[in-house]
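Quick notes on the structure that follows.
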Amino acid sequence: MTSLNFPKTGHGRDSILLFPTSCFPSKPFLPSSKGYRYSSGLIVRTQTLIYASSLSNGRTNIKGPREIQFVAKAQPVAVELVEDKLRDPQTSGDSIRQRFLDFYAARGHKVLPSASLVPDDPTVLLTIAGMLQFKPIFLGKVPREVPSAATSQKCIRTNDIENVGRTSRHQTFFEMLGNFSFGDYFKKEAIKWAWELSTSEYGLPADRLWISVYEDDDETFALWHDELGIPKERIKRLGEDDNFWTSGVTGPCGPCSELYYDFHPERGTSDVDLGDDTRFIEFYNLVFMQYNKKDDGSLEPLKQKNIDTGLGLERMARILQKVPNNYETDLIFPILEKAAELANVSYALADDSTKTKLKIIGDHTRAVVYLISDGVNPSNIGRGYVVRRLIRRVVRTGRLLGVKGDGMGDLHGAFLPILAKKVIELSTNIDADVKTRSSRILEELRREELRFVLTLERGEKLLEQMLADALLNTQGTETAPCLSGKDAFILYDTYGFPVEITKEVAEERGISIDMNSFDIEMEKQRQLSQAAHDTVKLAVENGANLAEDIPDTEFLGYNTLHSKAVVEGLLVNGSPVAQVSKGSEVEILLNRTPFYAESGGQIGDNGFLYMTEAENEQKAIVEIKDVQKSMGNIFVHKGTITEGTIEVGREVEAAVDANLRQRAKVHHTATHLLQSALKRVIGQETSQAGSMVAFDRLRFDFNFHRSLQDKELEEIEGLINQWIGDGTILETKVMSLTDAKGAGAVAMFGEKYGEQVRVVEVPGVSMELCGGTHVSNTAEIRGFKIISEQGIASGIRRIEAVAGDAFIEYVLTRDNYMKQLCSTLKVKAEEVTGRVDTLLEELRLTRNEVSAARAKAAIYKASTLASRVSTIGTSKSIRLLVESMDDIDADSLKSAAEYLVNSLKDPAAVVLGSCPGEGKVSLVVALTPGVVNLGIKAGEVIKPLAKSCGGGGGGRPNFAQAGGRKPENLLGALEEVREQLKNLLEK
């Protein structure tokens with residue numbers, strides 16, 4: 001193999017000299033790509049593949065193949081060498097993540113798993129920060145379970161979506177490494193550890209790190225400078241907009257300090273702007289949550305000072321892996337490589353525009369895989385719209401790159417699932433559940449992409465019409481044709497049509513686009529998007545002071561339905577009161593309760609609270625209709641005082657309605673059995689997407705791409721009823737979350753779990769993490785019946801079912817219906833179906849006979865109208881008939897019009913109307929070819945006629961039908977159309 005000697009270029013990177021292909025062996029060496037970075041093989045403009053297994057620059061033997069482009073035959077040409085060196089395993093994304101967690105675990109932090117991208121917080125649409133799962137702790141609404149924690153949190157942010165791929169650091173999906181203190185440690189430790197992690201653990205050169213602090217935060221400045229020795233010139237004081245964190249108008253807040261990496265220290269320390277993306281990247285943010293912002297804007301110190309930090313994993317990977325942007329790290333680049341392969345381009349040789357498109361595809365594909373894995377499916381609202389928008393942007397961008405079909409030869413296939421497989425391959429250490437859900441993820445992406453391709457094609461047709469209109473509007477004028485920005489935005493927003501393609505196609509026709517108005521429309525959408533839950537609000541609510549004085553409610557309901565309790569608080573319309581009297585709606589807070597509060601899909605218990613006087617004389621009765629959890633684990637009993645007055649501090653007797661509780665228990669356990677049956681019948685990859693456990697029924701939502709077949713529903717019912725008949729005793733245990741997951745317990749959709757979890761097991765059938773109430777033996781369920789199965793969103797199905805008493809009631813009700821039907825039809829139950837079929841067939845034949853009779857009657861009546869035909873036109877040769885036919889139905893009116901237009905000599909025009917029922921109008925226009933050839937169309941004639949009668953319609957050029965809701969306008973409208981047709985035909 002030929003060796004080449006490289007001169008140095010002086011630009012900080014090796015260069016090579018390219019020689020004619022005769023310098024190399026005639027048979028190319030095909031190296032393994034393992035451990036190296038490739039885009040799409042070796043590309044040479046002469047179509048000759050050139051490989052080298054060992055290239056030397058005189059000092060360093062550069063192992064491995066290089067991508068070489070032959071650009072000249074006559075003379076060698078110097079070009080930049082593409083770096084393909086093996087990466088240090090210590091700088092891999094997985095290693096950086098683990099080293100962060102290990103670092104803080106060694107310092108007393110509890111390492112906790114990432115929360116779902118679907119937050120348990122109504123103020124945000126998606127999980128946008130690592131601190132979100134700890135928000136209730138920061139607000140003081142729930143007690144801390146650990147003094148400090150460390151996480152690697154999956155996050156999604158879409159407010160800067162237009163910057164994705166265009167800058168070196170913006171992404172929609174990213175991982176935020178964070179260490180958190182809940183009143184444990186504060187500034188000194190947070191700053192010391194952040195510096196130690198950055199310089200000692202990750203090995204960043206100290207002289208390349210800059211620090212920002214809040215302008216008035218002298219304490220933090222001193223810690224950086226005096227304690228750690230950071231030179232003053234590398235500590236920048238910034239204002240409130242940059243370095244003071246607030247959660248909202250009021251609530252927890254505090255100064256923050258950020259660490260920046262300097263890519264170009266040679267530029268010096270004067271006139272430095274830390275916002276210069278060409279020089280700096282912020283990689284670690286420390287928030288010192290030390291104040292509460294009051295309504296008047298003043299700050300008061302928090303009783304418990306907290307630490308909230310965030311270190312961007314992709315940003316640190318970029319620094320340690322020495323690549324120019326986040327996308328070229330090993331966390332994302334393999335996805336870009338796959339996209340480049342499908343587009344048949346080389347990332348290394350691509351221009352900036354192509355690279356941007358590949359980055360968009362890589363980032364967005366990563367985002368949608370994790371969103372779908374966490375239960376968010378494409379739709380037109382909320383989180384589903386985020387997924388749909390990202391998918392459409394990937395598909396549009398792929399088309400811009402020239403990806404056809406699946407990019408691998410199937411022109412009718414989808415390329416997103418192929419890219420998603422690479423994301424799933426990389427997901428092991430981010431979220432292990434992604435691989436187990438891979439089948440559902442891939443199918444959802446395939447279906448959504450193929451559906452959108454059809455939409456995109458409709459957009460192309462609409463663009464053609466818009467361009468034709470733009471040209472038509474400027475014919476005969478000196479104005480240059482221009483497509484409005486609003487039209488371009490409609491194509492972009494509604495049909496997902498890239499403005500770049502719109503612009504390119506328009507320019508081919510000599511049409512410009514009003515990009516200013518397009519940008520205005522885009523900005524409107526961007527503002528709406530940013531306003532929709534892209535910040536975490538930690539504002540303290542009105543009930544916060546009350547919550548400080550009331551401990552969590554002790555739940556006794558697993559073991560008893562009756563208990564004594566003390567009234568800790570009363571709320572009327574959200575405001576605390578000391579007592580409430582008869583007739584009032586009230587919310588009651590107790591120190592302990594047997595009432596189950598709504599959670600995990602199970603509704604809250606019903607029942608009564610009794611307050612007694614001496615000698616057990618009842619003083620007050622409260623009917624409880626709902627129980628909810630609030631401010632962490634405080635149970636709010638909602639009800640009406642039916643007798644007497646209830647007071648704070650008094651003891652009450654709490655009694656749960658036993659019958660309703662049993663109904664809820666039956667339906668909750670049946671829900672667990674249903675999930676297990678679904679997994680066995682339609683596949684293990686299906687997962688819960690929501691549920692409701694009520695007294696009268698259960699509802700279970702699950703991920704699946706089609707409706708269930710009757711035989712599948714029968715099999716599911718059969719399995720569940722078999723398990724019910726087995727009379728299996730349920731087992732309930734409390735164990736650590738890690739042990740529960742290790743044992744195979746399934747987590748319930750949308751639930752958050754602490755360190756210790758409750759596991760409900762039906763041995764041999766199901767094992768789930770669940771805090772709900774359940775039967776002790778499956779035999780208590782008695783029976784199970786599915787009453788409906790339907791789709792509620794793309795890829796989401798819903799089953800409603802009944803069990804226990806509700807099952808018995810359902811069966812008895814249906815049995816009564818059947819008895820009534822048998823009595824009416826005078827047949828046995830097994831003969832009902834045959835009898836109904838016979839009746840339907842008789843009804844069909846009778847309707848056909850009646851319809852035929854009506855048509856004949858209408859034709860006969862139409863024949864009597866021949867004498868009313870008028871002849872118009874210059875030669876009096878055009879026949880016109882406009883008449884009302886009283887109460888003839890629409891089908892008969894059509895038959896009459898067809899008879900007349902066929903019996904009258906061409907050219908002829910027939911317009912008929914009728915009032916077939918109260919508030920109904922039927923209209924028909926029929927034209928012979930001779931009239932159509934004059935430029936008159938039936939659809940254009942009937943539109944204003946229908947509008948006058950309060951309706952609408954259309955049809956072919958020679959025949960049109962319409963309906964209306966204003967019979968009183970019919971005669972006047974017919975007269976108007978008669979005059980209009982006369983005027984047209986006489987011309």
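Along the sequence shown, residues are numbered consecutively beginning with 1.
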Around atom NZ of K355, are there more than 12 heavy atoms from other residues, nucleotides or ligands closer than 6.0 Å?
yes
By side chain to side chain donor-acceptor pair (under 3.5 Å), R697 pairs with (sequence neighbours left out) none
Smallest heavy-atom separation, I156 atom then A367 atom, equals CD1-CB, 3.7 Å
**Message:** Within the structure provided, determine whether M408 and I418 are in side-chain contact (heavy-atom separation under 4.5 Å).
**Reply:** yes
When rounded to the nearest 0.5 Å, the distance separating CD1 of I799 from OG of S691 is 12.5 Å
Original post:
Parallel, tilted or perpendicular for Y370 and F173, by the 30°/60° rule?
Top reply: parallel
When you compare the side chain of L126 with that of R157, does any pair of heavy atoms fall below 4.5 Å? no
Worksheet item: Do the side chain of T127 and the main chain of S116 share a donor and acceptor less than 3.5 angstrom apart?
Response: yes
Margin query: Less than 4.0 angstrom from a charged side-chain N to a carboxylate O is my criterion; do E521 and K486 meet it?
Written below: no
R797 and S707 have their tightest heavy-atom pair at NH2-CB, 3.1 Å
D410 backbone acceptor or donor facing D406 side chain under 3.5 Å:
yes
key: Exam field: side chain S427 to backbone I430, donor-acceptor pair closer than 3.5 Å   = no
Going by heavy atoms in the side chains, are I372 and V387 under 4.5 Å from each other?
yes
Tightest non-hydrogen contact, residues I391 and V368, listed as CG1-CG1, 3.7 Å
Separation between CD (Q153) and CD1 (I128), nearest 0.5 Å, reads 11.0 Å
Applying side chain to side chain contact (heavy atoms under 4.5 Å, CB included) to A962 and not counting sequence neighbours gives L923, I942, A946
* Quick check: does any side chain N or O of D374 sit under 3.5 Å from a backbone N or O of L117, one acting as donor and the other as acceptor? -> yes
_Check ion pair E314-R366 (N to O, under 4.0 angstrom)_ = yes
Does one side chain, of D514 or S484, offer a donor that lies under 3.5 Å from an acceptor on the other?
no
In short, T329 meets P334 closest at the heavy-atom pair O-CD, 4.1 Å
- [ ] Go through the steps to decide whether T928 and N958 satisfy the test side-chain contact (heavy atoms from CB on, under 4.5 Å), and finish with yes or no.
- [x] CA-CA 7 Å; T928 62; N958 67 319; over 6 Å; no
Interatomic distance, CD@E328 vs CZ@R318, rounded to 0.5 Å, equals 9.5 Å
Verify, without hydrogens or angle tests, whether Y327 (side chain) and F333 (backbone) share a donor-acceptor contact under 3.5 angstrom.
no
Sequence neighbours excluded, the answer for ring-ring contact (aromatic ring centres under 6.0 Å, His included) partners of F702 is none
**Prompt:** Are there more than 12 heavy atoms of other residues, nucleotides or ligands under 6.0 Å from atom CZ of R680?
**Reply:** yes
Taken in chain and number order and not counting sequence neighbours, the residues that satisfy salt bridge (Lys or Arg N to Asp or Glu O under 4.0 Å) with R699 are none
The salt bridge (Lys or Arg N to Asp or Glu O under 4.0 Å) partners of E464 (sequence neighbours excluded) come to R509
Could you walk me through whether S687 and N703 satisfy the side chain to side chain donor-acceptor pair (under 3.5 Å) test, starting with their C-alpha distance in whole Å, then the side-chain angles of each, then the deciding distance to 0.1 Å, before giving a yes or no? CA-CA 6 Å; S687 62; N703 297 289; 2.8 Å; yes
*Under a 4.5 Å cut-off applied to non-hydrogen side-chain atoms, are V924 and F959 in contact?*
yes
Test side-chain contact (heavy atoms from CB on, under 4.5 Å) on V386 and L125 and set out the steps.
CA-CA 10 Å; V386 172; L125 199 63; 4.0 Å; yes
- Side-chain contact, heavy-atom cut-off 4.5 Å: Y347 with L358? yes
- Message: Is it the case that the side chain of K679 and the backbone of T686 share a donor-acceptor pair, with hydrogens and angles ignored and the cut-off at 3.5 Å?
- Response: yes
Can you confirm whether the side chains of D351 and T354 place a donor and an acceptor under 3.5 Å from each other? yes
**Item:** Check: I361 and L336 side chains under 4.5 Å, non-hydrogen atoms
**Value:** no
Pairs of donor and acceptor atoms involving the side chains of residues 443-453, under 3.5 Å and at least two apart or interchain, shall be tabulated with distances.
{"from": "E443", "atom 1": "OE1", "to": "R446", "atom 2": "NE", "distance (Å)": "3.3"}
{"from": "E443", "atom 1": "OE2", "to": "R446", "atom 2": "NH2", "distance (Å)": "2.8"}
{"from": "E443", "atom 1": "OE2", "to": "R447", "atom 2": "NH1", "distance (Å)": "3.2"}
{"from": "E444", "atom 1": "OE1", "to": "R447", "atom 2": "NH2", "distance (Å)": "2.7"}
{"from": "E444", "atom 1": "OE2", "to": "S794", "atom 2": "OG", "distance (Å)": "3.3"}
{"from": "E448", "atom 1": "OE1", "to": "R388", "atom 2": "NH2", "distance (Å)": "3.2"}
{"from": "E448", "atom 1": "OE1", "to": "R451", "atom 2": "NH1", "distance (Å)": "2.6"}
{"from": "E448", "atom 1": "OE2", "to": "R388", "atom 2": "NE", "distance (Å)": "2.7"}
{"from": "E448", "atom 1": "OE2", "to": "R388", "atom 2": "NH2", "distance (Å)": "3.4"}
{"from": "E449", "atom 1": "OE1", "to": "F415", "atom 2": "N", "distance (Å)": "3.2"}
{"from": "E449", "atom 1": "OE1", "to": "L416", "atom 2": "N", "distance (Å)": "2.8"}
{"from": "E449", "atom 1": "OE2", "to": "F415", "atom 2": "N", "distance (Å)": "3.0"}

Applying side chain to side chain contact (heavy atoms under 4.5 Å, CB included) to E712 and not counting sequence neighbours gives V681, I682, R706, L708, Q709
Evaluate F700 against Q675 for side-chain contact (heavy atoms from CB on, under 4.5 Å), listing each step before the verdict.
CA-CA 8 Å; F700 188 81; Q675 176 159 230; 3.7 Å; yes
By side chain to side chain contact (heavy atoms under 4.5 Å, CB included), N933 pairs with (sequence neighbours left out) none
* Say whether, by atom type as modelled, one donor and one acceptor occur between the side chain of D710 and the main chain of L713 under 3.5 angstrom. => no
task = Report yes if the side chains of L483 and M466 come closer than 4.5 Å at any heavy-atom pair, otherwise no.
result = yes
Rounding to 0.5 Å, atoms CG (L462) and CG (D487) come to a distance of 7.5 Å
Per side chain to side chain donor-acceptor pair (under 3.5 Å), S373 is matched among R437, R440, K154 by R437
Taken in chain and number order and not counting sequence neighbours, the residues that satisfy salt bridge (Lys or Arg N to Asp or Glu O under 4.0 Å) with K404 are none
Rounded to the nearest 0.5 angstrom, the CD1-CG distance for I716 and L674 is 6.5 Å
Rounding to 0.5 Å, atoms CD (Q961) and OG (S922) come to a distance of 8.0 Å
message = Measuring only between side-chain heavy atoms, which start at C-beta, is Q171 closer than 4.5 Å to V164?
response = no
T172 meets the side chain to side chain donor-acceptor pair (under 3.5 Å) criterion, sequence neighbours left out, with D363
Across all chains, not counting sequence neighbours, the salt bridge (Lys or Arg N to Asp or Glu O under 4.0 Å) partners of E715 are none
By side chain to side chain donor-acceptor pair (under 3.5 Å), H705 pairs with (sequence neighbours left out) none
Between A420 and T365 the two heavy atoms that sit nearest each other are N-CG2, 4.0 Å
